[in-house]
Structures are given as C-alpha cells and as structure tokens.
Amino acid sequence: MAELYVKPGNKERGWNDPPQFSYGLQTQAVGSKRTPLTKRVAAAQDGSPRATASETTAGHPPTGPPPPSNKAPGLPPVGSCSASSVEPTSLPVIESETLLEDVLRPLEQALEDCRGHVRKQVCDDISRRLALLQEQWAGGKLSMPVKKRMALLVRELSSHQWDTADDIHRSLMVDHVTEVSQWMVGVKRLIAEKKSLSSEEEATKVLTEVTTEENQTVPGFLGAP
Amino acid sequence: MATYLEFIQQNEDQDGVRFSWNVWPSSRLEATRMVVPLACLLTPLKERLDLPPVQYEPVLCSRPTCKAILNPLCQVDFRAKLWACNFCFQRNQFPPAYTGITEVNQPAELMPQFSTIEYMIQEDDLQALKESLQMSLSLLPPDALVGLITFGRMVQVHELSCEGISKSYVFRGTKDLTAKQIQDMLGLSKPAMPMQQARSAQPQEHPFVSSRFLQPVHKIDMNLTDLLGELQRDPWPVTQGKRPLRSTGVALSIAVGLLEGTFPNTGARIMLFTGGPPTQGPGMVVGDELKTPIRSWHDIEKDNARFMKKATKHYEMLANRTAANGHCIDIYACALDQTGLLEMKCCTNVTGGHMVMGDSFNTSLFKQTFQRIFSKDFNGNFRMAFGATLEVKTSRELKIAGTIGPCVSLNVKGPCVSENELGVGGTSQWKICGLDPTTTLGIYFEVVNQHNAPIPQGGRGAIQFVTQYQHSSTQRRIRVTTIARNWADAQSQLKHIEAAFDQEAAAVLMARLGVFRAESEEGPDVLRWLDRQLIRLCQKFGQYNKEDSTSFRLSDSFSLYPQFMFHLRRSPFLQVFNNSPDESSYYRHHFARQDLTQSLIMIQPILYAYSFHGPPEPVLLDSGSILADRILLMDTFFQIVIYLGETIAQWRKAGYQDMPEYENFKHLLQAPLDDAQEILQARFPMPRYINTEHGGSQARFLLSKVNPSQTHNNLYAWGQETGAPILTDDVSLQVFMDHLKKLAVSSAS
C-alpha cells in the first residue's frame, strides 16, 4: 500500500534532473502497458526523408485553436490512460489524525518483548531511537505521509506480518530518507528482532508439542521403576 | 535621508550596526577629547528577510596578512577583471567564475545595498550522499557484509564494532602501500583454509578472518547509520584558489587490499563515491591549484596531460588485481567538473562495476540510479551476479578471436583460440566479476575452414557458451547455451547468406569494434576504418551497375545498416569534440556492455511523433520530422527529450489543455509524458530528462542528433517546405549516401 507518486527532479542542482519516482512505483512489476518504443523508420535509399504524410498549413503562425474534442475523430488513447500519471495523486484525506500514541505504544511493547532475549546495548540503542521518533513527531517535524505509513507499519508489525512491515520501512527510507534516517534503523532492527524471536518461539512450541506427544504415546517409559 | 536619525536607522536595519559617532574625528588627540569613545554595537546575526541567497564562497584579498573580503567599497576594473582591496590597496585578480561581470552585471557583494551579505557554504551535497548511503543499508540483505572507508587528505578505514566508541585506522593519502603492507597494518592475517561463501549456513564468523572492518548489516546497521550521519567534510582547511585534497588512489588501493586479504574469490563490490577529482597521491589526476584546469581532449592530443599516464597506470593495476580477486569496483562520480573518470575507467570496465556520472549527489538522477542497483527480480533476488567465468567452445571450423565487454582474459589457450585477436583475445575463457541481466558481451569468431573444402551435407557449425557464476542468492549456477547455424557456400548461395543477415546485431558489433579501436587509435583513423568497412560491405552485397551510382540498391536486410553507420560516426562514442574526456569515457563505458536494443538506441536514437493525425509512430531521425503540429519524443539512452512543435507550444501557452472541450489536446500533451515515464522507470542508469519546445535553448539536444537534411546551406535548394533547418555544416545522410554509392560502384575502390 505504499504510495505511488512522481515528484519533479531537483531543478536547482541539475536543470535536466529526471523526475523522482516513489518506492512503490519503482518496485511495481514493470510489465509494460504499452508497446516499447523501439521501432525505427528506414531512410529512403537515396537518404532523403520521405515526404511526411502530415502536411500542415504552409504558413508559420498557427491559425486558430487545436481541433476540439467533439469534432476531431478523437485521439485514440495510447494504451490506457494510466492511473500513475505525472500528477501526484493524493488519496482522499480522511481526517483522522494519526496519533503518536497509536504508533509509539506498539513499538515500545515490541521492544519490551525483546528485552531479555536481545543484548542490552541493542535494546538501549533501539530505545534511544524510539525516543528520537517521539521527539520529532511531537515537534511536528514529520510529514503526514510518514505518519500514515508508520501507523501502517505498526499495524503490520502487531499482526506479525514481518515482511510487509519490513517493506514499509524500506519504502519510508527510500521516499523520505531526510525525515526518517535518524530513527528508522531502530524500527528496522525491532522488526528483525521480533521476527527472529517469533520464529524461535514457533520452533520451541513445535518442539514442545512433539515432545508432549512422544511422552503421551510412550507412557510406559515415564516413571518406570 | 533628510536627517541623521534616518541615516542611523537605515544603517541599523541594513547592517545591524549602531555607532556612537557617525562622523569620525580624524586624529587620535581629538578623538580622546570627545569623551565618549568611538565604538559600535554589532548584531552579527540580525534577522534579515531580504538578503539574497549567495551560494558561493567569498572572494578574499590575496595578501596573506590582509585577506579582506570583496565588498562595495572596493575599486573594480571591470575590463581588466581586477579589484583593489580597500584595506590594504592590493590589486587582486577576480577568480574565473567572475569573468562575466560588468558595470551593469555586478555580483551582489559589490552592490552598495548589500553592505551586509551572507554567503552560504554548500553542505547539502555531502548530506544527500550520507542519506543515500544510510538508505542503502535498508536495501541490502541483512547478512551482507559491509565496510566503510572515508578519504580526503587522509584515508580512514573505520572499525565497525558494536560497542560505543568508533575507531578508525588513518593512512596518509600521499603514500601508496602494497597489499601486504595494508593487510599487516590493519591486522589482517591470511586465512589458512580455503574460503567458504561469505554467507554460509552457520552464522559463525570465519575464525581466521578479522571481521573488525567488515560486518554483517544486521549487526551494525544502527552503528553505521550513526557513523554515516556524523561524517563531516574534511576538516583540513582548503585555501582559496586551491582544490580540496582527495586521496582517491590510496583509498581505492586500501579497499582493494582489504578485500583481497579478507574475502578473495567471493562476490563483493567496492563502491567509490567521489565529489571531485583525485588531487593527491598516486592516481592523482590534477593538481590542487584551481588555476590549472583538469585535462581536456585538446590537452591530451597535445600531450599536455601530465598526470594522465601515471594515474591510468595506477588504476589499471588496481583494476586487474580486483578482477583477479573476483571483486568489482563501482564509481559514483557527482560533481560539476570532471572527476577523473578517464583515468579510472578501467576499474569499472574491467571488473564489470557500474559507472554513474551526475552533477550532484543531491539530484534524483543519482539517488534513483543508486536505488536501482538494489532492485530485485520477481523472485525477490537482487539483479546482480558475481564472479562469472565465460567459456566458449566451438566446432572445429571456427575459432575465437576475442571479446569486447566488461571482462578480463583468463589466458586459457586451446584449439578454439585464434591467433588473430579482436578485443580481449588469445583466450577461450574470460572472467566477468560483476554482471546483471542486461550485461552483454560482443564475441568475435574466425572461420578457419579451407576455401573450397567440401561442406558435409546438412553440416552445421556449433558454439557453446558456458557461464558459471554466483547468483545473488549465493548459489553457484552454470548456464549453458549451445547454438548451431548452417554453413553455406558463399559463391552459390550468397542470397541465403544475405537474407540471414542481422543488420542490427552487425551494427552494434561493428560499433563496438570501432569504439574499442578509438581507445588506442586516432579519431580520424577510426572513422576511415569504419567507412572502409561500410564501402566494402556495399560493394559485396549491393546490386548495381559498375560506375553507375544511381543504380545502387541494397536489399531489405541491409536497409538500416548505412544509416546506423552514419549516426555512429556522429555519435559521442566516436566524436569527442564537445565532450570532456570524462563524458566520453562515461558514454563508452555504457556502450560496451548494454544489450542490443539499448546499444542501438545509443547509436541511432529513437524518435516518436505524437499528433492529431494518428497514433504515435516512429519517425525518421531527421530534421524533416520536426513539424509545428506534433510532439516528438527522443530517446538517446542517456537523455529523454520531449519537444513540442511550434503550434503545439503556442496552444499550450494559450492554455487549451485546461478547457474541457479541448480535452483531446490535454491527452495529446500527456501521451509522450506517459511513455517517457515508462522508460524513466526502468532504465539504468537513469537518463536526463529534457522537456523543451520549438525555440527553446534545450531544443539543441534534438537538433544535434537529427540528420540535418535541411540546413542553412541547402534551405532553398531542397524545395521542401516542411521541417526545420539545422544550423550546421555537418554532412547529411543524403550526402553521405551519395558518396557511399559512388565509392561502392567505382571500380577504383
């Protein structure tokens, strides 16, 4: 659910800087909706350009406006009018304010879960970065898209969707690195630690089940004098 | 200002200064008699909402004991480009950036209203690079090993420990060291047993390898993020008129030595990020005096590039060692001036690493190109492979002459190896240390069958390509391709051979040969060779009556070939005029490794036209295709150019696209943008994007590429009314074809 948008390039640093695509657009499966532009026209054997079919008015300045829509045979649209056009499409903003608490609480909870299993220094490091996140959020330094995506990340994290959460963190790092770089690596580590923790728990759970079964099927063993 | 009160207030507003006396007593004695001392109150950072953004460094007086800054009180000789310091009366030369100043075009710091001015020293380029590197940590797989070396005047190898204090080993940037010395100094010992994959099943570190400098991402990402965030510009001050000291040669040497000592023969990339040319130590490309510019093609031709040979040799040595170790070197060079890509190009070209050239790290061109290095395929694997070896086997009628592409020779002799070398020859095996799904090599063969030896009935020649490589998932894979083609007797079956000609592949393969030659031969010689080959091809396969050029015809399978050669001759790969040596190296680097479709785009850019007369269609790359009522999209691989014809531009200016009854005009404007976006989204490296129109200064990108069939010379001779004349003396395709045909049909050739 990463945002799909295109921003113009940095015109101050490079006048011909290409536009910037969001992480979501870049990672989309690049199946071409249009035929790729790779065809060529051969020059006539004597090298002269063939007379072009589209002869315009012989004069130079344009006479009058373009052919209006209803009269002209209508330009056959090139492929489909793609949704990912150059304008950044903002989703209709549902004005439910993303609350800091809703994001911070689950993250702190996740950190608590990890304490005891993960080295103290790592936990402290993560905790420090969560504090930084809180500070920046409360200080109004984070933009709306970042807050929204963080809420999403936290939701995925709480539902144990590690890979999705990881992908959201990546999309934030790519699209909003200036805002998030200081603390996002802590969130990334948290996701990784929770993931490995939960897989350990799964493993031990399975082991316990198997052992319990074994104990049940071989009653004679236990307590045999 | 009627009163002194206004004068005082105005000065406070402008300069943040209030003086006790605003007319100063001229002698010491008198001043003491004034009782109140001559003094002022200064508010240095007084809030000024109207200061112009001055984004350059201040100009200083050259007298070492003065160093006052250029200001409105200085006398200026605009003609001689001199200024007199008003403090010490030293006459100073303006720096080169000020050559355009005149009485009516003055820099802000000379204007009286800017008695107070603030210079902004640009740091955002380094900041942008730091952020890109931090971001890349999120794109790397968690068990990839990373290390960091920073360099300026000194070279620092950072120890990536997980404990609080960050440490680094500092090397002098002036002295090159051998691999052994580097490894000893860093405390690395050679492993006693053969190396395993860097990511083995157990996550144990190899006991014999010091892992202080190379650590897995999942362990040190937080530390490294902080370390990167704290990086500052080189603290060594750069005196005015000097370039910053950059010890690129030593830094790269240490990186190569470090990897050599820790992970030989495992997939690895050295990524070099540089914001300017190497100015110190081995591999320096230019001195640190700004007044000595970096070498141009003109300097090279006149043998006036004093650092070039030695620097090239240094980087070639490093490149070969890196390739032998199975590693690759990427170069990301972002600066407004050249950075030494000419001398360093072997590092990328021989190892299969990437070369990215941009104006600044703070551009989307660099940021997105860099992100795309880490792009993944449909299975979630990185699109990069390491440590490939290519072996070519042929049936006995064929031998291998050589390869042109991002590879090194493995020097494997054998019965299939020809003595006549083309490209990297004398071997049947090559090593490609870094490659991706588009990496393409040109492999050249020699037919060794005796003339008139009988061909077995249904006989076919065969070639087998065996590529062993390390997939990005670390699994080793072997890809085998075996192909066969029929033999034919050229005397009796020339038509068959002709019909099976692939003019596109032939054009790219010949072009690669041409560009390969251009690295060591003079430009005009290469063009002459290329022309010679084209004439001979036309003589062989054209249908014509001797001495009658008007009778000349080429069959369909050759229809595009001459114009490919025509555009190749004008391309930046063979024409170095108008490009810096670094730019030429950059273009040639990409040409020598792209697949056929992209290579053809580079040779002869694609041109598509959008208009109301029909769907988008490819059009001739010719000045006659530039019409007032259409939009053109040109793809040169390195640039995407959208050009609005005169009428379209006027319609757009009038705003018809915003009127609902002209919605189809809106769609017309949008169509090329959408197609351009498709290309921009996928291509590596990211191209530059130019959106221009008739009469725009950037239209020159289009005008310089199209065949100038109509120029100011033949404007009235042609009798065609359409198209835009190009102001050039370049030969047109028509003239080229005329000459070609004359030479082909002539019995004297």
Side-chain angles (χ1 to χ4, degrees), chain A residues 6 9-10 13-14 16-21 25-26 29-30 32 34 37-43 45-50 52-56 58 60 62 65-70 72 74-78 81-82 85-86 121 125 169-170 173-174 177-178 181-182 184-186 188-189 192, chain B residues 131 134-135 138-139 142 218 221-222 225 359-360 362-365 368 371 553 559-560 563 597 606 608 611-613 615-616 618-620 622 624 627-629 635 647 650-651 656 661-665 667-668 671 673-675 678 680-682 686-690 709 721-722 733-734 736-737:
Chain A
V6 185
N10 187 345
R13 293 314 237 146
N16 48 20
D17 206 26
Q20 183 133 19
F21 299 94
L25 265 185
Q26 294 218 64
V30 191
S32 177
R34 312 159 206 290
L37 303 184
T38 51
K39 291 201 176 22
R40 280 188 182 75
V41 175
Q45 291 269 347
D46 60 359
S48 65
R50 301 196 195 104
T52 43
S54 54
E55 295 294 330
T56 55
H60 302 298
S69 293
N70 46 7
L75 186 69
V78 182
C81 272
S82 158
S85 61
V86 188
Q121 201 203 350
D125 223 337
H169 121 258
R170 245 194 304 277
M173 273 301 271
V174 169
V177 63
T178 316
S181 64
Q182 288 183 294
M184 180 56 83
V185 66
K188 171 193 177 203
R189 187 64 92 88
Chain B
E131 286 175 0
Q134 287 166 332
M135 176 219 57
S138 283
L139 298 177
H218 71 85
D221 53 2
M222 294 206 280
T225 301
D359 294 330
S360 144
N362 199 11
T363 54
S364 98
L365 187 138
Q368 289 191 102
Q371 284 163 25
R553 292 284 172 275
S559 57
L560 289 171
Q563 76 191 57
T597 310
I606 298 269
Y608 265 71
S611 70
F612 285 120
H613 303 287
V619 291
L620 214 50
D622 189 289
L627 299 172
D629 67 340
D635 180 6
T647 308
Q650 281 166 341
W651 285 338
Y656 282 105
E661 61 271 30
Y662 294 105
E663 202 188 349
N664 60 341
F665 180 62
H667 291 155
L668 180 65
L673 298 179
D674 289 343
D675 286 342
E678 282 258 338
L680 287 166
Q681 242 177 296
M686 192 109 182
R688 293 179 188 260
Y689 181 67
I690 294 145
S709 60
E721 299 287 325
T722 57
L733 180 61
Q734 295 83 325
F736 179 76
M737 291 299 293

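Naming convention: chains lettered A, B, ... in sequence-line order (proteins, then strands); numbering from 1 in each chain.
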Do you know which two heavy atoms are closest between A/Asp17 and B/Leu365, and how far apart they sit?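 Scanning both residues, the minimum pair turns out to be OD1-N, 3.0 Å.
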Test of understanding: with salt bridge (charged side-chain N to carboxylate O under 4.0 Å, His left out), list the residues that count as partners of B/Asp221, not counting sequence neighbours.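 In terms of salt bridge (charged side-chain N to carboxylate O under 4.0 Å, His left out), with neighbours along the sequence ignored, B/Asp221 is linked to A/Lys188, A/Arg189.
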Given the options [options], which has more heavy-atom pairs under 4.5 Å with chain A than any of the others?
options	result
B/Met686, B/Gln368, B/His218, B/Gln563	B/Gln368
B/Ile690, B/Asn362, B/Asp635	B/Asn362
B/Pro618, B/Ser360, B/Pro687, B/Ser364	B/Ser364

Residue selection (most heavy-atom pairs with chain B, distance under 4.5 Å) from A/Met173, A/Arg40, A/Gln182: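 Sorted descending by pairs with chain B, the first entry is A/Arg40.
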Just give me the residue among A/His169, A/Met184, A/Gln20 that pairs up with chain B most often, heavy atom to heavy atom, under 4.5 Å.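 Of the options given, most contacts go to A/Gln20.
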Go through the structure and list residues passing side chain to side chain contact (heavy atoms under 4.5 Å, CB included) with B/Thr225, not counting sequence neighbours.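 Side chain to side chain contact (heavy atoms under 4.5 Å, CB included) check on B/Thr225 returns A/Val185, B/Gln134, B/Leu137.
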With side chains defined as the heavy atoms from C-beta onward, is the minimum distance between B/Leu680 and B/Tyr689 less than 4.5 Å?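 Result yes, sub-4.5 Å side-chain heavy-atom pair found.
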Portion of B/Gln371 that has a non-hydrogen atom of chain A nearer than 4.5 angstrom: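 For B/Gln371, side-chain heavy atoms alone lie under 4.5 Å from chain A.
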Between B/Phe665 and B/Phe612, what is the ring plane arrangement, given parallel below 30°, perpendicular above 60°, and tilted in between?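 Rings of B/Phe665 and B/Phe612: tilted, 30 to 60°.
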